[in-house]
Amino acid sequence: MNGQLQRTDEVQLTAAIRVLKQQRQALILAHNYQRKEVQDVADVVGDSLALARAALHTDAKVIVFAGVHFMAETAAILNPDKQVLLPDLQAGCSLADTINADQLRAWKAEHPGAVVVSYVNTQATVKAESDYCCTSANAVAVVSAIPADREVLFLPDMFLGAYVQRVTGRTNMHIWLGECHVHAGIAPTDVHTVLQQHPTAEVLIHPECGCSTSDLYLLADGTLPKERTRVLSTGGMLRHAQESDVEEFVVATEIGILHQLQKQSPEKKFIAANSHAICPFMKEITLEKILTALRENRYVITVPTTIAQQARQAIERMVAVG
Ligand code: 13P
Ligand code: SF4
């Protein structure tokens, strides 16, 4: 009964959002980690790179960002003439909070002339101090494009940084010791335990995971099946699962992605490596809050002009690569 009531609420809220969205000429962007009912009401569901690109190419007057603060900030920087709404200001990011602009300036001073590559999970003030931004979908391509003799400062995710360093073989790369508490909580043993129960499954690992770096060693020594393990962004996981002939997948990332994976390939089976990998910031966004955001025009995300101008170049480089 409760489930039925909830479903009725969802249907009504979704219908109300659709009407208001049209009236306001709004576009709803949702990250793959959003609640399933939020993903279902969105115009575009995707990874950080896909959503940044969607924000860049829209004619909508208003962008409602069903994601976290840094994503809405990025959309606002790319669209100074549009209104960008984040339905709840509590939707932050523990990874983005691991470095601020003062800390980055001090780090740059220790490495004069180094090229700064910031993961998109950073505050706008940090992006303003950066040469390039990247996402998990194009981090390897961005770092590879930097001349080999230039030092690189990579921030803030240490697992993604270690992964990029290993793939590129770059020795002149310094990595900030930040982590996302959700992905860091997915341990190599989680992956192995689930894989033992599903021995023919493919393994899809997000490079922010604590398990991603050690899994690369386990891949090398044969503990994990090399031909069936992929390190991918959330968008990359969706593409790969669709193209693969395999029927079962062990998925090491935030579990919101399972909804899109299952929706896209209903005949396949997707198993979370760790069913507790839930981002509390992503889950702050609800249908009620999206409706209120559209009705009351809140919360408008703005970035001071000078910061936005400085950050824009690094973001545009990110959107152009990969
Ligand atoms: P992607 O969706 O770009 O892979 O990023 C994951 C993430 O943690 C976003 O916060
Ligand atoms: Fe930030 Fe981690 Fe949540 Fe992504 S999953 S928004 S990196 S806290």
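Along the sequence shown, the residues carry numbers beginning at 1. For ligands, and for the atoms within them, numbers begin at 1 and follow the listed sequence. Model, not experiment: these values are computed from the prediction.
Under 4.0 Å is where a charged nitrogen must lie from a carboxylate oxygen, and between Glu247 and Lys269 no such pair does. Classification of Lys283 and Glu254 as a salt-bridged pair holds, one side-chain N sitting under 4.0 Å from a carboxylate O. One finds a salt bridge joining Lys289 and Glu284 here, because a Lys/Arg side-chain nitrogen approaches an Asp/Glu carboxylate oxygen to under 4.0 Å.
For atom 8 (S) of ligand 2, the nearest protein heavy atom (residue, atom name, distance) is Ser94 OG, 3.4 Å. Looking at atom 7 (S) of ligand 2, its nearest protein heavy atom turns out to be Asn121 ND2, 3.1 Å. For atom 3 (O) of ligand 1, the closest non-hydrogen atom of the protein is Ser48 OG, 2.8 Å. Among protein heavy atoms, the minimum distance from atom 8 (O) of ligand 1 is reached at Glu208 OE2, 3.2 Å.
Interface of Met71 with ligand 1, defined as ligand atoms under 4.0 Å from a residue heavy atom, comprises 9 (C), 10 (O). The contact set between ligand 1 and His206, taken as ligand atoms under 4.0 Å from a residue heavy atom, comprises 1 (P), 4 (O), 5 (O), 6 (C). Under a 4.0 Å criterion applied to the non-hydrogen atoms of Ser233, ligand 1 contributes the atoms 4 (O). Near Glu208, meaning under 4.0 Å from one of its heavy atoms, ligand 2 places the atoms 7 (S). Within ligand 2, the atoms closer than 4.0 Å to a non-hydrogen atom of Cys279 are 3 (Fe), 5 (S), 6 (S), 8 (S), numbered from 1 in the order shown. Annotation for ligand 1: atoms under 4.0 Å from non-hydrogen atoms of Tyr119 are 5 (O).
Looking at ligand 1, you won't find any N or O of His183 less than 3.5 Å from one of its N or O atoms. An N or O contact shorter than 3.5 Å links Thr234 to ligand 1 by distance.
Between His206 and the choices Thr234, Val231, Ile186, the side-chain contact (heavy atoms from CB on, under 4.5 Å) rule is met once, by Thr234. Results of the ring pair (Phe, Tyr, Trp, His ring centres under 6.0 Å) test with Trp176 over Phe154, Trp107, Phe159 single out Trp107 as the only residue that passes.
Compare Asn138, Leu160, Asn121, Thr135 by their heavy atoms: the one nearest to atom 10 (O) of ligand 1 is in Asn121. Relative to atom 6 (S) of ligand 2, the option among His183, Met282, Lys283 with the closest non-hydrogen atom is Met282.
Both Ile285 and Val62 belong to a common hydrophobic cluster when Ile, Leu, Val, Met, Phe, Trp and Tyr are linked at side-chain heavy-atom distances under 4.5 angstrom.
Other residues, nucleotides and ligands contribute at most 12 non-hydrogen atoms within 6.0 Å of the CZ atom of Arg7. Annotation for Lys263: atom NZ counts as buried by contact number, over 12 foreign heavy atoms lying within 6.0 Å.
Taking 2.8 Å as the threshold, Cys93 counts as a candidate ligand of atom 1 (Fe) of ligand 2, since one of its N, O or S atoms lies below it. Cys180 lies apart from atom 3 (Fe) of ligand 2 in this respect, since none of its N, O or S atoms is found at a distance under 2.8 Å.
Using a 4.0 Å cutoff on heavy atoms, Cys180 does not count as a contact of ligand 1. No heavy atom of Glu254 sits closer than 4.0 Å to any atom of ligand 1.
Residues Asn297 and Gln83 bring a donor and an acceptor atom of their side chains to less than 3.5 Å of each other. Using modelled atom types and a 3.5 Å distance limit, the side chains of Asp40 and His259 yield a donor-acceptor pair.
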Arg105 and Glu129: salt bridge (Lys or Arg N to Asp or Glu O under 4.0 Å), yes or no, with the steps?
-> CA-CA 7 Å; Arg105 276 190 286 269; Glu129 290 288 332; 2.8 Å; yes

